[in-house]
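Throughout, a chain's letter reflects where its sequence line sits, starting with A, and its residues are numbered from 1. This one's a predicted model, so the numbers in the text were calculated from it and none came from an experiment.
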Amino acid sequence: MIAQVIVDVAAKQTDRIFEYQVPEQIADLTTGSRVVVPFGRRKVQGFVVGLTKTSQYQGKLKDLLLVVDEQAPLTPELVELSAYLAKTIFSYRISILQTMLPSVMRAKYRKILIPTTKQAEELQIFKGKSIDLAKVTDLEEIAQINQLLKKDMAKIEYAVENKAKEKTKKVYYLTSSLTDYKKFQQSLRSNAVKQAELLQFIVEHFEQFPFDYAQLKKYNLSFSAINTLVKKDLLKIKEIEQYRNPLTEFSKNSKRKIVTLNQEQTAALQKINKSIEKSEAKTYLLEGITGSGKTEVYLQAISNALQKGKNALMLVPEISLTPQMVSQVNARFGKEVAVLHSGLSEGEKYDEWRRIRRGEARVVVGARSAIFAPLTNIGLIIIDEEHEASYKQEDTPRYHARNVAIWRSQFHNAPLVLGSATPSLDSRARAQKGVYELLRLTKRANQKALPKVKIIDLKSVEFAGSQFDLSTNLVEAIKEKLMRNEQIILLLNRRGFASFMLCRDCGFVLQCPNCDLSLTMHKDTNQMICHYCGFHQPIPNRCPNCQSSKIRFLGTGTQKVEEELSELLPGVRILRMDVDTTRRKGSYKEILDKFGAGEADILLGTQMIAKGLDFPNVTLVGVINADTALYLPDYNASEKTFELLTQVAGRAGRAEKSGQVLIQTYNPDHYAIKLAQKQDYETFYQTEMKVRYQGNYPPFFFTNLISVASKNEQNAAKEAFAIKRILMRNLHAPTIVLGPTPSAISKIKNQYYYQILVKYKREPKLNELLHQIQDLAQEKQKYGLNIYIDTQPGRIS
DNA sequence: AGCACGCCGACT
DNA sequence: GTCGGCGTGCTC
């Protein structure tokens with residue numbers, strides 16, 4: 001038999017199948033297996049994507065060396081999916097296969113130097129062992145090693161290592177009969193007290209064995225006595241595999257609650273259920289206002305799929321994978337749930353993933369990459385908050401979880417449910433055209449009115465304090481809530497203290513040396529930080545350009561507002577939540593737990609606080625500046641602004657108390673802000689569609705973004721123009737080719753970026769053409785040029 | 001991607 | 001002569 005293998009070498013030239021002879025000892029090789037194969041002089045990991053009887057290859061096939069896992073990690077479905085994705089998203093098949101698996105399954109490679117003669121073995125450099133070449137840095141040693149290699153006294157061996165380790169525990173089994181143990185007990189010396197205790201325990205608990213180490217420890221039994229019995233073959237140790245279970249911390253406080261659905265929810269659920277039963281690959285767009293009970297519809301649909309003997313996959317944005325969310329699902333489906341998100345350790349992710357692969361979990365809940373969960377027999381896929389930009393991976397492989405979900409839905413003939421209060425325009429337009437079926441939830445499940453939203457016009461308002469960040473209206477409202485012991489959420493879409501340093505004498509703005517961005521001041525760490533590449537330097541007290549002391553720090557960030565609030569409201573307890581305060585693992589949850597427990601009055605944060613949080617005591621939500629996202633040079637700035645404001649407004653008044661929302665803005669008449677005030681998604685959709693139509697933007701056009709990067713700005717520009725010419729020659733009206741222009745941030749990490757935007761309605765040859773351009777890029781790489789192609793880019797300037 | 005081969009200039 | 005720098009081509 002011959003195995004078709006995709007090899008772990010991410011390069012254009014190796015992005016194809018290599019064939020290997022399967023030796024007879026390897027009988028049970030299946031498609032999707034992870035294998036080790038010889039590749040040139042090296043050994044590399046690879047994935048079997050097909051098995052055949054014959055080969056076209058002219059030379060002699062090499063033997064496949066090893067099958068790594070007992071069970072093939074990839075299902076045939078995932079292998080097929082990887083082929084489809086490689087074609088459509090311009091990335092190597094191996095990169096796609098790797099992202100389908102937990103990161104511990106990436107191979108580690110080592111080069112080891114092994115002595116070949118007795119004489120060499122005794123050399124000091126070997127010390128009787130072989131040498132890991134990665135660890136050799138000493139120049140003299142390197143010279144000596146080269147000598148040895150030359151004289152054939154040593155050879156290099158290539159090793160492929162598997163990082164994936166199962167956690168095990170020691171379990172002790174009995175080996176003899178009860179009478180034997182009793183006999184042995186009698187024969188003990190009188191001073192063997194600990195052994196006597198252990199034997200007494202064995203005799204008393206004979207029926208309950210085996211015990212694991214932790215259990216034995218509880219009975220205060222001596223470890224050395226246990227070991228003695230093991231040595232005497234009276235106990236046997238078995239290493240039993242154990243899952244690192246991340247759910248335990250949530251499962252304690254979960255309670256089951258049965259919720260009755262309202263009429264709209266029931267109608268939506270029935271449609272979805274029908275598709276589950278008919279095995280129908282239909283996509284539903286569940287458009288439901290905040291608080292309309294989408295989650296309950298999801299849970300009952302999942303439950304229905306399980307009853308029909310099918311499995312279910314649910315994606316949620318990383319940020320809303322809160323303990324609240326997980327415990328809800330867990331309370332419903334218990335041990336059958338597997339959770340995949342970035343908060344897990346690598347080992348936990350691997351274990352959760354294996355539970356899915358082995359069919360032990362029937363419901364998978366996870367963030368973007370969970371769309372590749374090796375779940376079989378899928379009967380339902382759900383994507384919650386489907387408009388979230390985080391479902392698109394912004395680096396290679398640039399897949400969109402929604403597209404992958406559609407593919408899998410078709411593969412399994414299972415319905416896909418896209419849910420949101422503010423659907424992406426893309427999805428909403430597809431529902432309009434009948435590609436998706438629209439299901440609407442227009443009523444709040446708890447009958448509560450939507451929170452009252454007030455817009456504060458910053459152009460004509462009085463500010464509290466000396467800074468121009470907080471209006472008196474907002475501060476008064478905060479005071480009022482504080483007096484009633486209620487809580488407040490404040491949103492400010494920028495972290496740090498001030499967003500740039502400006503010299504009033506020479507006009508100099510302090511910028512990142514690697515990127516084309518101004519540095520942001522962070523007062524707490526006394527640093528100026530680049531939010532793109534992380535570059536930092538101390539806060540200057542003189543202008544680095546002209547040495548003037550007349551420097552000012554402009555713009556507002558979370559740190560500055562925190563300071564202002566403390567001045568205006570002495571004694572107020574503020575929790576700040578942004579990338580800076582949540583970098584440590586678990587700190588996100590810590591902050592939210594504190595706030596939930598009422599240990600703070602105000603939660604002040606960036607957009608990470610806008611979504612999914614549910615705190616009943618929050619009665620005021622304030623948006624400090626609604627305009628931050630509005631004038632980004634991006635066609636979907638309005639959509640993002642509307643989305644953010646609507647979502648954050650939904651955080652107020654979630655329980656008994658009614659909520660209030662205050663939005664500060666310099667653009668009170670902008671339709672995105674006015675319609676967010678009314679929470680009127682449908683009108684926003686209609687309005688924004690007209691804007692998109694006039695601007696030839698999605699969803700009226702498909703887009704493809706080609707970026708050319710180089711350390712040399714002129715080379716990047718030159719190549720970008722060359723690509724544009726190729727495109728113009730081959731594409732036809734009404735396709736629009738824009739650019740090349742420097743990217744919005746034209747320099748990132750010392751690379752200059754030029755981009756070309758292709759907007760098209762129908763261009764059947766485009767895919768092929770782009771692949772050709774990519775091939776061309778391969779040649780150009782020698783001159784330090786990189787070309788990236790992004791279909792459905794997340795942002796376009 | 002790595003690795004080898006081959007060609008070239010530089011140097012003990 | 002031999003070392004090492006880089007351009008080129010190959011990996012079943």
Write down the distance between [atom1] ([X]) and [atom2] ([N]), rounded to a whole number of angstrom.
X: A/K62; N: C/dT11; atom1: NZ; atom2: P; value: 9 Å
X: A/L133; N: B/dC3; atom1: CG; atom2: P; value: 10 Å
X: A/L149; N: B/dC3; atom1: CG; atom2: P; value: 12 Å
X: A/L65; N: C/dC12; atom1: CG; atom2: C1'; value: 12 Å
X: A/F39; N: C/dC10; atom1: CZ; atom2: P; value: 13 Å
X: A/R16; N: C/dC12; atom1: CZ; atom2: C1'; value: 8 Å
X: A/L61; N: C/dC12; atom1: CG; atom2: P; value: 10 Å
X: A/K43; N: C/dC12; atom1: NZ; atom2: P; value: 14 Å

- Query: Can A/K12 and A/D15 be counted as an ion pair, charged N to O under 4.0 angstrom?
  - Reply: no
- Query: Please, which pairs that meet side-chain hydrogen bond (donor to acceptor under 3.5 Å, both in side chains) have at least one residue in residues 60-89 of chain A, sequence neighbours excluded?
  - Reply: A/R34-A/D69, A/E77-A/R408, A/E77-A/H412, A/S82-A/R93
Distances under 3.5 Å between protein N/O atoms and the N/O atoms of nucleotides 4-9 of chain B, please, pair by pair.
from, atom 1, to, atom 2, distance (Å)
B/dA4, OP1, A/R41, NE, 3.3
B/dA4, OP1, A/R41, NH1, 3.4

- Counterpart residues, side chain to side chain donor-acceptor pair (under 3.5 Å), relative to A/H771 (two or more places apart): none
- Name the closest nucleotide to the A/Q13 side chain, picking from B/dC3, C/dC12, C/dT11. C/dT11
- Query: Can you tell me if A/E348 uses its side chain to pair, donor with acceptor, with the backbone of A/S345 under 3.5 Å?
  - Reply: yes
- Item | Which atom of A/G32 lies closest to which atom of A/V79, heavy atoms considered | CA-CG2, 3.8 Å
- Report which part of the nucleic acid A/K150 touches: base, sugar-phosphate, or nothing (heavy-atom distance under 4.0 Å, all strands). sugar-phosphate
- Side chains of A/I383 and A/Y391 in contact at under 4.5 Å (non-hydrogen atoms): yes
